[in-house]
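What follows is a set of notes on a single structure, which appears directly below.
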Amino acid sequence: MSSSFWEFLWLILSTFFLLAYLIVLFQIIVDLFRDRSLGGFAKVLWIVALIFVPMLTALAYILFRGGGMGRRQVAAEQEARAEAESYIRTVAGTSPAEQIARAHSLLKDGTITEQEFATIKAKALA
């Protein structure tokens, strides 16, 4: 095995730059599909350019559309967070105060007895 230290160092550096480029490339592709304001034809042009002139196109994309990438990423994260919070609210049920208020209205209507109200209240506060 006749590889030298410099060949090994070159291998590590080239691997690092290849992985960095692939990460940037995938971020660009994700951003292209996330952008709703960009038409389908423009998306196809960007993808074709990324295939045939990858480094130049990636640099041009970051230069011309880089600011929008951040805004779209933040908007996607906020949308996902809002959907998750909405789902959690629907699954989690009601708060103890709402349960007691509902039970109190049922008690007023005569639907439940005082003992049932006390049981519901104890469960809600537990």
Hey, what do you get for [atom1] ([X]) to [atom2] ([Y]), rounding to the nearest 0.5 Å?
X	Y	atom1	atom2	value
Phe117	Arg102	CZ	CZ	13.0 Å
Leu18	Leu13	CG	CG	12.5 Å
Leu32	Gln27	CG	CD	11.5 Å
Ile28	Thr57	CD1	OG1	8.5 Å
Ile120	Leu106	CD1	CG	6.5 Å
Ile62	Met69	CD1	CE	6.0 Å

Are [X] and [Y] connected in the hydrophobic side-chain network, where two residues link if heavy atoms are under 4.5 Å apart?
X	Y	value
Val53	Val44	yes
Met55	Val24	yes
Ile29	Tyr21	yes
Leu59	Leu25	no
Leu50	Leu45	no

Non-hydrogen atoms of Ile100 and Lys121 that approach each other most closely: CD1-CG, 4.0 Å

Sort out for me which residue in Arg71, Arg36, Lys43, Arg72 forms a salt bridge (Lys or Arg N to Asp or Glu O under 4.0 Å) with Asp31. Arg72

Would you say the side-chain atoms of Glu7 pair up with the backbone N or O of Ser4, donor to acceptor, closer than 3.5 Å? yes

Using modelled atom types only, decide if a donor and an acceptor are shared between the side chain of Thr15 and the backbone of Leu11 within a distance under 3.5 Å. yes

Counting only heavy atoms from other residues, nucleotides and ligands, does the tally under 6.0 Å from NZ of Lys123 exceed 12? no

Got a sec: does the CD of Gln115 have more than 12 other heavy atoms crowding it under 6.0 Å? no

Would you mind reporting whether Glu85 and Ile88 have side-chain heavy atoms less than 4.5 Å apart? no

Pairwise side-chain contact, Leu38 with Trp46, heavy-atom cut-off 4.5 Å (strictly under): yes

Could you give all pairs that pass the salt bridge (charged side-chain N to carboxylate O under 4.0 Å, His left out) test and reach residues 49-69, with sequence neighbours left out? Asp35-Arg65

